[in-house]
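These notes concern the structure reproduced below.
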Amino acid sequence: MSPMNPLTILRYPDPRLHTVAKPVAAIDARIRQLASAMFETMYEAAGIGLAATQVDMHERLIVIDVSEDHDQPLVLINPEIVWASAETRLGEEGCLSVPGIYDGVERSIAVKVQALDLDGKLQVHEAEGMLAVCIQHEMDHLMGKVFVEYLSPLKRNRIKTKLIKQKKDEERDAVR
């Protein structure tokens with residue numbers, strides 16, 4: 001894969017966002033390049049997490065960095081949540097695939113996730129707070145679920161209408 005930075009982030013309601021990601025078969029140069037391009041794309045878009053699904057690559061790969069200084073990059077390959085706290089919290093979430101939209105989603109306050117790193121080593125991460133929310137949010141993407149699907153059908157339809165109009169306006173402005 002040639003460097004294609006930054007990648008294009010799919011925007012809701014793009015049907016490709018509902019594709020269930022397949023496990024990464026081999027951690028090779030292509031996957032390392034994809035992870036690198038995903039970090040670059042995520043940082044450029046001022047995000048804290050990005051799933052491969054969001055850049056139209058339907059493999060179980062997530063990049064996350066919830067640090068202020070972009071110095072705690074986390075790569076999760078074929079991640080699985082092996083434990084989630086029963087205690088949940090309603091928190092405001094946004095998404096690079098749903099630009100400008102923020103709403104409340106109920107999530108476990110802590111999770112334990114196991115995943116492979118870029119060297120193919122199995123890692124276990126215990127996370128709480130923002131990192132736990134981010135992991136759950138990105139894991140949903142791998143299952144083909146976008147956070148707005150937790151909202152009421154009325155809210156979801158309003159968001160869909162707004163984003164479709166926004167995209168048409170952008171396309172019209174690009175032609176001018």
Side-chain angles (χ1 to χ4, degrees), residues 6-21 38-39 41-115 124-170:
L7 303 168
T8 301
I9 298 172
L10 299 178
R11 282 169 48 174
Y12 183 79
D14 192 309
R16 293 171 292 180
L17 287 167
H18 300 297
T19 306
V20 176
M38 284 171 63
F39 272 117
T41 302
M42 178 187 80
Y43 291 140
E44 189 171 288
I48 58 169
L50 190 64
T53 303
Q54 292 175 272
V55 294
D56 203 20
M57 300 296 287
H58 303 284
E59 295 177 87
R60 296 182 59 79
L61 169 63
I62 292 170
V63 299
I64 293 175
D65 190 343
V66 296
S67 70
E68 292 279 323
D69 301 325
H70 298 165
D71 59 359
Q72 292 169 31
L74 180 61
V75 175
L76 302 175
I77 299 170
N78 298 336
E80 272 180 69
I81 291 177
V82 292
W83 175 84
S85 67
E87 188 182 342
T88 61
R89 181 178 300 128
L90 183 68
E92 185 104 325
E93 287 186 29
C95 178
L96 295 176
S97 291
V98 192
I101 305 291
Y102 298 88
D103 214 314
V105 178
E106 193 87 20
R107 301 274 189 194
S108 292
I109 62 166
V111 295
K112 188 186 286 187
V113 63
Q114 69 178 28
V124 176
H125 301 277
E126 292 184 26
E128 52 189 36
M130 176 73 82
L131 181 57
V133 168
C134 191
I135 288 169
Q136 292 169 83
H137 177 109
E138 300 309 330
M139 293 281 296
D140 278 353
H141 278 300
L142 298 182
M143 297 310 297
K145 187 168 187 174
V146 181
F147 93 97
V148 295
E149 291 169 55
Y150 287 101
L151 310 178
S152 71
L154 179 68
K155 269 190 181 173
R156 207 168 41 241
N157 283 332
R158 277 194 197 135
I159 290 167
K160 195 180 286 186
T161 303
K162 180 179 178 175
L163 291 177
I164 289 169
K165 181 185 180 320
Q166 198 177 325
K167 189 172 185 338
K168 281 183 185 149
D169 291 347
E170 286 170 9

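Quick caveat: nothing in here was measured; it's all calculated off a predicted structure. One-based numbering along the sequence shown.
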Check: Lys160 and Ile164 side chains under 4.5 Å, non-hydrogen atoms: yes

For Gly49 against Cys134, the heavy-atom pair lying closest together: CA-SG, 3.9 Å

Any Gln136 side-chain heavy atom under 4.5 Å of Glu93 side chain: no

Donor-acceptor contact present, side-chain Ser97 to main-chain Tyr12, <3.5 Å: no

Student check: side-chain heavy atoms of Pro6 and Val55 closer than 4.5 Å: no

Arg60 side, atom CZ; Thr53 side, atom OG1 - distance, nearest 0.5 Å: 8.5 Å

Stepwise side-chain contact (heavy atoms from CB on, under 4.5 Å) check, Val124 with Lys112: CA-CA 7 Å; Val124 176; Lys112 188 186 286 187; 3.5 Å; yes

salt_bridge(Lys167, Asp14) N-O dist < 4.0 Å: no

Any donor-acceptor pair under 3.5 Å from Arg156 side chain to Leu151 backbone: yes

Spacing of NE2 belonging to His141 relative to NE2 belonging to His18, to within rounding of 0.5 Å: 10.5 Å

Where Phe39 and Ile64 come nearest, the two heavy atoms and their spacing: CE2-O, 3.7 Å

Atom of Ala132, atom of Ala110 and distance for their closest heavy-atom approach: CB-CA, 4.1 Å

Interatomic spacing from CD in Glu106 to OH in Tyr150 - rounded to 0.5 Å: 10.5 Å

Gln166 CD: over 12 foreign heavy atoms closer than 6.0 Å: yes

Min side-chain heavy-atom separation Ile135-Pro79 under 4.5 Å: no

Donor-acceptor pair, side chain of Asp65 and main chain of Gln72, under 3.5 angstrom: yes

Straight-line distance of Met57 CE to Leu10 CG, nearest 0.5 Å: 11.5 Å

Heavy atoms from other residues, nucleotides or ligands near CD of Glu68 exceed 12 (cutoff 6.0 Å): no

Side-chain touch Ile101/Lys162, heavy atoms, less than 4.5 angstrom: yes

Separation between CD of Glu87 and CD of Glu128, rounded to the nearest 0.5 Å: 10.5 Å

Side chain to side chain, Thr41 and Leu96, heavy atoms closer than 4.5 Å: no

Distance-minimising heavy-atom pair for Leu90 and Gly104: CD1-C, 3.6 Å

Contact summary for Pro73 and Tyr43, nearest pair of heavy atoms: CB-OH, 4.0 Å

Between OG1 on residue Thr19 and CG on residue Leu17, distance to nearest 0.5 Å: 8.0 Å

Check: Lys155 and Val148 side chains under 4.5 Å, non-hydrogen atoms: no

From CA spacing to verdict: side-chain contact (heavy atoms from CB on, under 4.5 Å), Cys95, Gln54: CA-CA 10 Å; Cys95 178; Gln54 292 175 272; 3.7 Å; yes

Check: Glu80 side chain, Gln114 main-chain N or O, donor-acceptor pair, under 3.5 Å: no

Residue pair Asp56, Thr8: steps toward the side-chain contact (heavy atoms from CB on, under 4.5 Å) verdict: CA-CA 8 Å; Asp56 203 20; Thr8 301; over 6 Å; no

Shortest non-hydrogen contact between Asp71 and Ser67, atoms and distance: N-OG, 3.0 Å

Side chain proximity check, His125 to Leu76, heavy atoms < 4.5 angstrom: yes

